[in-house]
Structures are given as C-alpha cells and as structure tokens.
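Letters A, B, ... are given to chains in the order of the sequence lines, protein chains preceding strands, and every chain is numbered from 1.
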Amino acid sequence: MALPQNLVAEFNELLTHYPHKQAALIPALHRCQEELGGWISPQTMEDCAAFFGLEPVEVYGVASFYPMFRMRPPGKHVVSVCHNISCALRGSDELLAKVCEVTGAPVHGTSADGRFSVNTVECQGACANAPMFDLDGVYHEDLTPEKAARILGEVK
Amino acid sequence: MSQHPTYLLDRAKIEGAHTLAVAQKHGAYEALRKILKEGITYAQVIQVVKDSGLRGRGGAGFPTGMKWSFMPDPAKDPRPRYLAVNADESEPGTCKDRVLMEQDPHGFIEGCLVAAYAIRAQAVYIYVRGEYRHPYNRVFQALAEARKAGLVGKRILGSDFDCEVWMHKGAGAYICGEETGLMESLEGKRGHPRPKPPFPAMFGLWGQPTTVNNVETVFNAPFIVNRGAAWFQSMGTKTSTGNLLVGVSGHVNRPGVYELPFGVSCREIVEDVCGGVWKGKRLKGFFPGGSSTGVLPASFLDTKLEHDAIKATGSMLGTAAMIVMDEDTCMVRAHEIIARFYEHESCGQCSQCREGTQWLHQIFRRIENGEGRHEDIDMLVTLSQGMAPGKTICALSDAAAIPTLAVVKHFRSEFQEHVEKGACPHLPAGTRRPVLAGHGAAH
C-alpha cells in the first residue's frame with residue numbers, strides 16, 4: 001500500500017513550508033484522517049513513515065500523543081461534547097446524556113448502527129457560548145438538550 | 001454598559017471585515033505600510049512597543065518589547081529566525097483569540113508581520129489548535145488574499161522585507177500552548193516541553209532564534225505603531241497598559257468576549273458588562289483568568305482586573321478568562337473537573353506532574369463522591385506543594401497545583417461538609433453524580 005497520489009502531492013507542497021521534513025507530519029496526519037476513513041490506521045502510519053523517512057513507531061509515537069488523532073475507526077458522524085468547566089457550569093452533563101440518548105451511542109463508543117460516535121472532549125474554546133459540541137468538525141454552540149436533539153435529528 | 005475607549009474589536013464588528021477590501025478600508029495594513037514606506041527601523045518598532053508597556057496576552061504577561069529584544073543581532077548571528085504565533089488557545093475558559101482570527105484575520109496577519117519585522121524573522125508559523133477549523137479557514141483565506149496583494153511573501157509592498165506566513169494545525173493537546181511544547185509539536189514531534197535555558201530566542205524552532213507570541217499580543221502591535229506609546233499607555237494602569245479581551249463564561253446573564261481596559265473591577269465586568277449572575281442568584285466565586293488561576297470567593301469581586309491587583313489576591317490574571325460560579329456551584333465538583341483536565345493534558349515527562357495530576361483527580365473525585373477522608377483535604381495541599389512552584393520542566397504541574405491550593409484555602413468548609421456528610425451536599429440526598437464520561441479517547 002502507498003499513500004494516494006493526491007495526498008502525496010499535497011504533502012510535497014506542505015514540505016515547502018518548513019526547513020525540515022518532519023514538521024509536516026502532523027498536518028499530514030490530519031489530511032490522512034480526513035481522507036482515509038476518519039482514523040489513523042496502522043497502514044496509514046506505515047505509509048506516512050515511508051513518506052517522511054521515519055520508523056513506523058515514530059509516527060505512532062506522535063499520532064498517539066495527540067487526542068484528535070483516532071486510533072480506531074469512528075462511526076459515520078462524530079459528536080464531541082465539551083465537558084470542561086465552562087460547559088459543565090452550563091449543563092454539559094445533561095447535554096451529553098441527551099446526545100447519547102438521541103444517537104444511541106455510549107460515551108467514547110459508536111452506536112450499533114455505526115452512524116454516530118460520541119466522545120467527551122476537553123475545552124474547545126467556546127466557553128462564552130457554552131455548552132457546545134463539535135459535529136463532524138463544525139461547532140454548535142449555546143446548546144440545550146432540545147436544540148441538540150433537533151440538530152442531531154437532522155443529520156443524514 | 002460600560003463606556004471605555006476601544007480599538008481591538010472595532011474592525012471585527014464591521015460586516016465583511018474578514019475580507020481584504022473591507023479590512024483595508026478600515027485601516028488594516030496601515031502600520032505595515034507606515035513602517036515600510038517611512039523606513040521605520042526594526043529597533044524603532046521594538047522601542048515603541050517597549051515604551052507602550054505592552055505585555056503578552058497569552059497568560060504570563062511578559063513585556064513584549066523586551067521579549068523581542070532578546071533576539072540576537074542578525075549582524076552577529078546570521079542564522080534563520082522565526083516567529084511562532086501561539087493560536088493554540090486551550091486554557092479552559094479562554095475563547096478570545098478565536099474572535100480576532102474569525103472576525104479580523106487581516107488585523108491579525110498585520111500583527112504577525114509587524115512582529116516578524118521587529119525580530120527580523122523570515123517566516124511566521126501560526127500554530128492553530130486543530131479544533132479551530134473555522135478560525136483556521138478564515139485566516140487561511142485572508143492569507144491567500146494578502147499574498148496575492150503583495151502583503152505577504154517576497155518584497156512586501158515593494159520593500160526589501162521578505163516574510164512568509166504559514167499556518168500549522170495542532171491536534172488537540174493543551175501542552176502545545178506552552179511555548180517549547182508548541183515548538184516541539186511544530187517540528188512534528190510529541191509536544192514535550194523543553195527545559196529552559198536555552199531560551200527560544202537563542203535555541204527555538206529547529207534550534208534557531210525564535211520568538212513565540214500570543215495572537216492578541218501581536219494583534220496589538222500595529223495599533224501601537226500607528227498611534228504611539230503614549231496613546232497605548234492612556235488606557236489601563238501603569239503596569240498593565242492598553243485594552244485586553246476578557247472572556248467571561250459560566251453563570252452570568254451575558255457571557256461573551258469583551259474588550260476592556262486593564263484595571264476595571266471584576267464587579268463591573270460581572271454586574272454591568274455581563275448583566276449580573278444568572279437567574280438572580282448570588283455569586284459564590286470566580287476564576288479571574290482561566291482554570292489555572294486560583295479561584296477567588298465573591299468577597300474579592302472589587303479586585304481590579306490587572307496583573308498586580310490580581311496577583312495581590314494570590315491568584316493570577318492569566319488569559320483574563322473569567323469563569324463565574326453562582327451560589328449553587330459545588331466547588332469540589334468544579335475542581336474535580338479541572339483536575340481531570342490537567343491529568344488528561346499532562347505530557348508525562350515529569351513524575352511530579354504525571355503522578356501528581358492523577359492523584360489530585362482521584363482525591364477530588366472521591367471527596368465529591370462522598371468517599372473522602374478528613375486527611376484527604378490536607379493531602380491535596382501537601383501534594384500540590386510537591387508539584388509547584390518551579391519543580392518541573394514546564395508550568396502545567398503548577399497549573400494543576402495552584403487552583404487546588406486556592407480552593408482548599410478559600411472553600412475548605414465545603415470539603416469538610418462532603419467528608420462529614422459522605423456525599424455531595426449539592427446533589428439530592430441519596431443520589432450520586434452519574435458517571436457518564438471517562439476520558440482519554442479521541443475526538
């Protein structure tokens with residue numbers, strides 16, 4: 001296996017931003033996760049290692065350090081509910097309970113139909129608009145359990 | 001509402017300010033033009049910023065002009081040099097840099113360029129937390145427009161100033177907001193902070209001279225260049241000059257990000273700017289500047305929001321992210337959450353931090369769950385004293401210890417009540433907080 005050509009082209013462009021190759025690794029892992037199934041598979045790590053001239057374990061060491069990189073495949077949609085202090089003060093416990101109820105997914109798990117993964121995450125920098133969740137990379141802020149149910153109900 | 005002079009958010013409030021045409025109509029890139037057309041030297045830029053008294057807005061409050069002057073003289077040290085802009089905004093409660101990036105990205109890019117000019121950096125790396133996709137995209141698009149207009153890249157505005165600006169995405173680790181952790185991460189490694197010295201000005205990104213500045217810090221620079229040091233000093237206090245963005249979250253009627261001069265009282269912020277504590281409730285306490293700054297009880301509400309006055313209370317100004325808590329808030333639960341956060345975010349290099357943050361979380365959790373012992377309260381204190389100050393490579397350990405010491409000092413009776421009752425007094429009798437969430441998994 002090798003990285004798809006479009007990603008190789010993108011990574012080669014990325015390399016021009018930095019004096020050292022490895023600096024492009026984290027941006028590259030982001031693109032891999034976006035394009036290759038929503039997670040960083042062992043194969044992806046091997047392919048990135050080959051591209052960057054690193055050992056696979058070095059790529060694993062970096063990828064596993066960063067919470068945004070998923071080490072297992074997620075459901076079709078990912079809901080990340082902030083549960084840090086500012087959101088907790090404004091009802092993130094109730095929000096999380098509603099999200100789990102509506103999606104059928106357990107916290108840090110995926111619904112049986114594979115449609116939703118639900119996670120808790122630490123502060124997302126939306127504190128003045130708490131509580132919030134990130135749905136597939138888009139922030140939804142100033143939520144109530146009812147609003148959340150409506151938003152999730154509209155997801156295809 | 002309070003009436004104070006503003007400048008930081010003026011352009012951000014204009015419709016379409018994220019586009020180059022609108023931003024330029026409202027003054028964006030004027031300071032850059034002034035520098036390059038009038039031949040203002042880098043030393044003059046550093047001097048005016050020094051004279052203005054600008055202090056870093058990322059939490060430490062270090063004088064910006066002084067930090068810039070630490071960069072070695074390029075005549076004697078011709079190595080490549082960099083500006084790294086810290087847009088990893090991750091301190092719980094903090095949501096201010098996002099506003100600047102989303103709503104006035106050209107003002108931000110101009111700030112990057114003015115700072116880069118002052119330290120003679122040939123490249124700027126903007127390290128944006130990975131979750132900030134919208135702010136990232138806004139700055140990315142603005143950069144493309146600015147590059148096309150000759151404002152970024154080679155021979156900026158026809159001058160001999162070359163400066164590239166690159167954006168770089170983080171991936172969800174709080175520790176990368178620590179300047180040396182940020183540099184490690186930018187190099188494509190785990191975000192493990194480096195021991196200092198050597199300091200970034202001598203040994204930074206790829207071992208080259210580097211300055212790391214917060215988004216709001218560089219954002220201030222063009223205003224100072226345009227309007228002068230005396231104008232800047234006319235706002236704020238003697239030792240904390242200018243305006244700052246105050247992000248208020250928690251139990252207020254109007255949470256938000258507000259531009260205020262240093263020195264307004266916390267009372268004015270909570271009661272006037274934010275419309276008071278929500279639901280007509282009384283205030284129990286507040287964090288003045290994010291979760292790493294020790295909590296203060298309501299009796300401190302008249303404290304002025306500026307570095308010295310907040311420091312005198314035993315807390316810190318931090319990122320001026322006020323987190324407000326009403327009378328029904330359980331302080332043990334609030335700090336259990338914060339302790340969980342630091343446990344999750346510890347990079348694991350130093351044992352005091354790696355082990356200490358886990359133990360703090362465990363102890364807070366068992367007290368909150370009614371399984372605490374009286375000696376646990378003092379154990380929180382002795383444990384925290386073993387974690388800070390200055391016992392580890394970076395300040396994350398301190399950031400976990402300081403709020404612990406503060407909450408035990410100011411709210412000890414709440415801890416005792418939990419232990420004596422064998423339950424959280426803020427929950428209905430016979431109930432426990434549902435354990436919904438563990439932690440550690442990915443987004």
Side-chain angles (χ1 to χ4, degrees), chain A residues 17-30 33 39-40 52 54 58 61-72 74 78 80-81 83-90 93 96-97 100 106-109 117 119-130 134 137-139 142, chain B residues 80 89-95 97-98 123 125 129-134 164 166 168-174 185-191 206 208 247-251 255-257 287 291 321 323-326 329 333-334 337-338 341 344-345 347 433-434 436-443:
Chain A
H17 301 194
Y18 310 96
H20 289 272
K21 208 172 182 181
Q22 191 176 340
L25 176 60
I26 291 169
L29 287 171
H30 271 298
Q33 182 161 285
W39 68 303
I40 307 290
F52 283 96
L54 299 166
E58 292 178 278
V62 172
S64 61
F65 181 84
Y66 292 93
M68 282 185 81
F69 295 133
R70 297 184 200 100
M71 295 291 123
R72 54 194 167 132
V78 179
S80 300
V81 183
H83 68 156
N84 209 298
I85 182 73
S86 298
C87 282
L89 290 172
R90 295 184 78 103
D93 281 353
L96 179 62
C100 290
V107 180
H108 298 308
S117 290
N119 301 307
T120 54
V121 286
E122 298 299 352
C123 187
Q124 302 284 290
C127 319
N129 300 87
D134 175 306
V138 178
Y139 279 18
D142 298 306
Chain B
E89 184 159 75
S90 310
E91 167 82 5
T94 312
C95 48
D97 294 336
R98 179 185 160 194
Y125 292 98
R129 64 176 301 177
E131 298 89 340
Y132 272 8
R133 290 178 181 86
H134 183 52
E164 245 326 321
W166 302 115
H168 186 98
K169 250 183 214 174
Y174 170 74
S185 179
L186 235 163
E187 293 181 8
K189 303 170 191 163
R190 291 189 291 271
W206 305 289
Q208 313 294 359
V248 191
S249 63
H251 296 152
V257 176
F287 295 92
S291 68
I323 307 168
V324 176
M325 291 169 282
D326 72 16
T329 309
R333 168 67 177 159
I337 291 169
I338 289 170
F341 170 71
H344 184 250
E345 302 298 339
C347 85
R433 213 169 283 281
L436 282 167
H439 55 79
H443 287 221

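For B/K169, there are no salt bridge (charged side-chain N to carboxylate O under 4.0 Å, His left out) partners, not counting sequence neighbours. Considering only residues two or more places apart in sequence or on other chains, A/A24 meets the side chain to side chain contact (heavy atoms under 4.5 Å, CB included) condition with A/L14, A/L15, A/Y18, A/F52.
Shortest non-hydrogen contact noted between B/S249 and A/C127 is CB-O, 3.1 Å. Closest approach of B/P255 to A/A128, counting heavy atoms only: CB-O, 3.5 Å. Scanning all heavy atoms of the two residues, the minimum distance from B/C95 to A/A126 falls at CB-N, 4.3 Å. Summarising the geometry of B/G188 relative to A/Q22, their closest heavy-atom pair is O-NE2, 2.9 Å, with the distance given to 0.1 Å. The nearest pair of heavy atoms linking A/A23 to B/H168 is O-CE1, 3.2 Å.
The part of B/T329 that comes within reach of chain A is its side chain, from C-beta onward, which places non-hydrogen atoms under 4.5 angstrom from that chain. In this structure, no portion of A/A130 lies under 4.5 Å from any heavy atom of chain B. Heavy-atom distances place both the backbone and the side chain of A/H17 under 4.5 Å from chain B. Of the atoms belonging to B/Y125, it is side-chain heavy atoms, and not backbone ones, that fall under 4.5 Å from chain A. Heavy atoms of B/E187 lying under 4.5 Å from chain A belong exclusively to its backbone. Looking at B/Q208, neither its backbone nor its side chain comes within 4.5 Å of chain A, counting heavy atoms on both sides. Only the side chain of B/I338 has a heavy atom closer than 4.5 Å to any heavy atom of chain A. Using a 4.5 Å cut-off between heavy atoms, A/N84 touches chain B through backbone and side chain atoms alike.
Considering only heavy-atom pairs separated by less than 4.5 Å from chain A, the leading option among B/G93, B/C347, B/A334 is B/G93. Taking chain B as the reference chain and counting heavy-atom pairs below 4.5 Å, the highest number among A/D134, A/V138, A/I85 is found for A/I85. When each of B/G170, B/G247, B/G250, B/S90 is scored by its heavy-atom pairs under 4.5 Å with chain A, the top score falls to B/G250. Comparing B/G256, B/P80, B/A321, B/G191 by heavy-atom pairs within less than 4.5 Å of chain A, the highest count is held by B/G191.
Here the straight-line distance linking atom OH of A/Y66 with atom OG of B/S185 works out to 3.0 Å at 0.5 Å rounding. Considering SG of A/C123 and CZ of B/R129, their distance stands at 6.0 Å, rounded to 0.5 Å.
Within the 3.5 Å criterion, the main-chain N or O of A/V62 finds no donor-acceptor partner in the side chain of B/R190. At distances below 3.5 Å, not a single donor-acceptor pair connects side-chain atoms of B/E131 with backbone N or O atoms of A/Q124. The backbone N or O of A/L89 sits less than 3.5 Å from a side-chain atom of B/H251, completing a donor-acceptor pair.
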